[in-house]
Amino acid sequence: MSVDKDHAESLELVSSTVCFGGEQRRYKHVSETVKCEMHFSLFLPPQAKEGEVLPVLFWLSGLTCTDENFVTKAGAQRVAAELGIIIVAPDTSPRGEHIADDPDGAYDLGKGAGFYVNATQPPWAENYQMYSYIVEELPQLIKQEFKVKPKFALAGHSMGGHGALTIGLSNIQLFCSISAFAPIVAPSECPWGQKALQAYLGEDKSSWSQYDACYLLKQQGQYLQMPILIDQGLDDDFLHNQKLTQPFEDIVDELNYKAIIQYHTGYDHSYYFIASFIENHLRFHFEYLSK
């Protein structure tokens with residue numbers, strides 16, 4: 001997919017606030033991929049004023065979030081300003097009155113719950129093409145509008161951790177490193193994932209595997225390795241019933257993969273957990289973004 005001139009000109013700055021010498025911005029644009037108006041938040045560090053070519057971190061948020069949750073709660077801007085990292089935080093699904101949503105109003109399907117897949121089933125297929133939005137349209141738009149390095153870093157939380165792992169492992173030409181907080185690593189085997197994948201992709205479970213981090217790691221981990229960092233709170237209410245992190249670690253151990261996986265006593269699934277360790281993630285990515 002290419003972003004044509006008219007499409008690029010539809011990028012509109014919604015707001016901008018000075019933050020640690022840089023700017024916390026919010027944009028909107030009409031997306032060709034998901035066929036609706038999309039918002040994304042972007043932190044532009046102070047180094048951008050000097051015309052430097054800067055590294056980019058994409059942050060993928062979890063269930064119920066918009067593009068604004070991370071930038072208002074995680075406290076990432078201070079370190080991003082120090083390191084000179086642009087942070088791009090897209091929305092978690094298409095939005096609008098015409099966009100399909102869960103008929104029962106559940107939080108784990110539909111708006112706010114795009115799961116970073118390309119849906120193939122009605123009524124979702126028309127708009128729920130979040131995988132292509134994250135992999136193709138949005139990176140091209142960022143490259144066109146800002147002076148950035150060619151490879152990005154990718155991070156996320158929960159559903160966004162699932163997105164970061166599956167997208168990063170499948171697109172090594174675009175991303176140089178991956179990190180996640182409390183990621184859904186085995187969506188084919190947990191309630192959140194099974195509900196979403198069945199709705200978006202249908203009953204044929206063979207079509208689910210491309211969006212399952214454990215499956216992708218098994219297939220690719222013995223041939224290539226990508227820098228991966230995962231942090232998981234041990235007081236996370238979803239740790240066991242949604243099979244977070246541990247199934248992925250089992251495969252890491254089996255393959256002798258050089259991922260860093262850390263568990264933290266007392267931490268839950270919230271943004272307090274993310275805020276506590278986001279600096280480590282930014283510095284982890286900066287090592288690879290700098291190469």
Side-chain angles (χ1 to χ4, degrees), residues 1-4 6-15 25-42 58-72 87-142 144-145 152 154-167 170-171 174 184 187 192-202 207-208 210-211:
M1 171 185 291
S2 62
V3 180
D4 61 31
D6 290 337
H7 180 239
E9 289 176 348
S10 73
L11 184 64
E12 180 181 337
L13 181 64
V14 176
S15 64
R25 297 180 176 182
R26 194 176 193 223
Y27 288 95
K28 66 180 180 180
H29 71 111
V30 177
S31 167
E32 296 175 343
T33 305
V34 298
K35 297 178 179 156
C36 68
E37 185 176 83
M38 291 290 284
H39 286 81
F40 66 89
S41 293
L42 182 145
F58 270 61
W59 172 269
L60 306 183
S61 292
L63 289 168
T64 75
C65 290
T66 70
D67 61 292
E68 294 187 286
N69 292 77
F70 176 77
V71 300
T72 58
I87 299 177
V88 178
D91 203 347
T92 53
S93 76
R95 306 275 180 176
E97 292 183 3
H98 69 290
I99 302 298
D101 200 7
D102 184 89
D104 298 321
Y107 72 93
D108 54 357
L109 186 69
K111 295 177 186 177
F115 267 84
Y116 305 102
V117 304
N118 282 344
T120 59
Q121 302 299 304
W124 314 103
E126 176 70 13
N127 303 102
Y128 283 75
Q129 302 295 308
M130 288 299 295
Y131 184 95
S132 289
Y133 179 72
I134 299 300
V135 171
E136 299 174 7
E137 184 174 12
L138 191 54
Q140 289 187 36
L141 190 57
I142 296 301
Q144 183 166 311
E145 294 296 313
F152 301 159
L154 188 58
H157 169 232
S158 193
M159 178 186 72
H162 144 78
L165 289 167
T166 55
I167 290 172
S170 298
N171 295 275
L174 180 60
I184 300 170
W192 278 340
Q194 289 171 338
K195 179 179 180 177
L197 296 180
Q198 181 174 333
Y200 295 142
L201 305 176
S207 67
W208 299 8
Q210 63 186 307
Y211 302 114

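Along the sequence shown, residues carry numbers from 1.
The backbone N or O of Ser93 sits nowhere less than 3.5 Å from a side-chain atom of Tyr133 that would complete a donor-acceptor pair. Side-chain atoms of Tyr128 come within 3.5 Å of backbone atoms of Ala100 as a donor-acceptor pair (strictly under, hydrogens ignored). Of the possible polar contacts, one joining the Asn171 side chain to the Ile167 backbone as a donor-acceptor pair under 3.5 Å is found.
Nearest approach of Leu197 to Pro187, heavy atoms of both residues: CD1-CB, 3.8 Å. Smallest separation of non-hydrogen atoms from Gly112 and Arg95: CA-NH2, 3.7 Å. Heavy atoms only, all atoms of each residue included: Val71 and Ala89 are closest at CG1-CB, 4.3 Å. Shown here for Trp124 and Ala119, the closest heavy-atom pair between the two residues is CB-CB, 3.7 Å. For Glu137 against Ser31, the heavy-atom pair with the smallest separation is OE1-OG, 2.7 Å. Here the closest heavy-atom approach between residue Ala113 and residue Tyr107 is recorded as CB-O, 3.7 Å.
In this structure, the side chains of Phe40 and Asp91 stay at 4.5 Å or more apart for every pair of heavy atoms. Contact annotation: the side chain of Tyr211 approaches that of Asn118 to within less than 4.5 Å [non-hydrogen atoms, C-beta and beyond]. With contacts defined as side-chain heavy-atom distances shorter than 4.5 Å, the pair Thr92/Tyr116 qualifies. Put simply, the side chain of Val14 reaches to within 4.5 Å of the side chain of His39, judged on heavy atoms. Side-chain contact between Glu12 and His29 is absent, with no heavy-atom pair separated by less than 4.5 Å. Using a 4.5 Å heavy-atom cutoff, the side chains of Ser207 and Thr120 are not in contact. Residues Ser170 and Tyr131 are in side-chain contact: their nearest non-hydrogen atoms beyond the backbone lie under 4.5 Å apart. For the pair Ile134 and Leu60, the minimum side-chain heavy-atom distance is below 4.5 Å.
Annotation: side-chain hydrogen bond (donor to acceptor under 3.5 Å, both in side chains) contacts of Trp59 (sequence neighbours excluded): Ser61. Taking Thr166 as the reference, His162, Ala213, Leu216 meet the side chain to side chain contact (heavy atoms under 4.5 Å, CB included) condition, with sequence neighbours excluded. For the side-chain hydrogen bond (donor to acceptor under 3.5 Å, both in side chains) test, no residue two or more places apart in sequence or in another chain qualifies with Asp101.
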In sequence, state the C-alpha distance, the side-chain angles, and the governing distance for Tyr200 and Leu109, and then conclude on side chain to side chain contact (heavy atoms under 4.5 Å, CB included).
CA-CA 9 Å; Tyr200 295 142; Leu109 186 69; 3.5 Å; yes

query = So Ser158 and Trp192, side chain to side chain contact (heavy atoms under 4.5 Å, CB included) or not? Walk me through it.
reply = CA-CA 10 Å; Ser158 193; Trp192 278 340; 3.8 Å; yes

Can you list the steps and then say if Met130 with Met38 is a side chain to side chain contact (heavy atoms under 4.5 Å, CB included)? CA-CA 11 Å; Met130 288 299 295; Met38 291 290 284; 4.1 Å; yes

- Message: Please determine whether side chain to side chain contact (heavy atoms under 4.5 Å, CB included) holds for the pair Tyr27 and Glu145, giving the CA-CA distance in whole Å, both sets of side-chain angles, and the decisive distance to 0.1 Å.
- Response: CA-CA 12 Å; Tyr27 288 95; Glu145 294 296 313; over 6 Å; no

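Note: Leu174 CG to Leu154 CG = 8.5 Å, rounded to the nearest 0.5 Å. Rounded to the nearest 0.5 angstrom, Ile142 CD1 and Leu42 CG are separated by 5.5 Å. Between the NE2 atom of His157 and the CD1 atom of Ile184 there is a distance of 9.0 Å, given to the nearest 0.5 Å. The NE2 atom of His98 lies 5.5 Å from the SG atom of Cys36; values are rounded to the nearest 0.5 Å.
Sorted by first and then second residue, the pairs that involve residues 103-113 and meet salt bridge (Lys or Arg N to Asp or Glu O under 4.0 Å), not counting sequence neighbours, are Asp108-Lys195. Applying the salt bridge (Lys or Arg N to Asp or Glu O under 4.0 Å) test to every pair with at least one member in residues 116-131, sequence neighbours left out, gives these pairs: Lys35-Glu126. Applying the salt bridge (Lys or Arg N to Asp or Glu O under 4.0 Å) test to residues at least two apart or on different chains, none of the pairs has a partner in residues 154-164.
Ionic pairing of Glu68 and Arg26 is present here: one or more N-O contacts between side-chain nitrogen and carboxylate oxygen are shorter than 4.0 angstrom.
Ring geometry, Phe152 versus Phe58: the interplanar angle falls under 30°, so the pair is classed parallel (tilted spans 30 to 60°).
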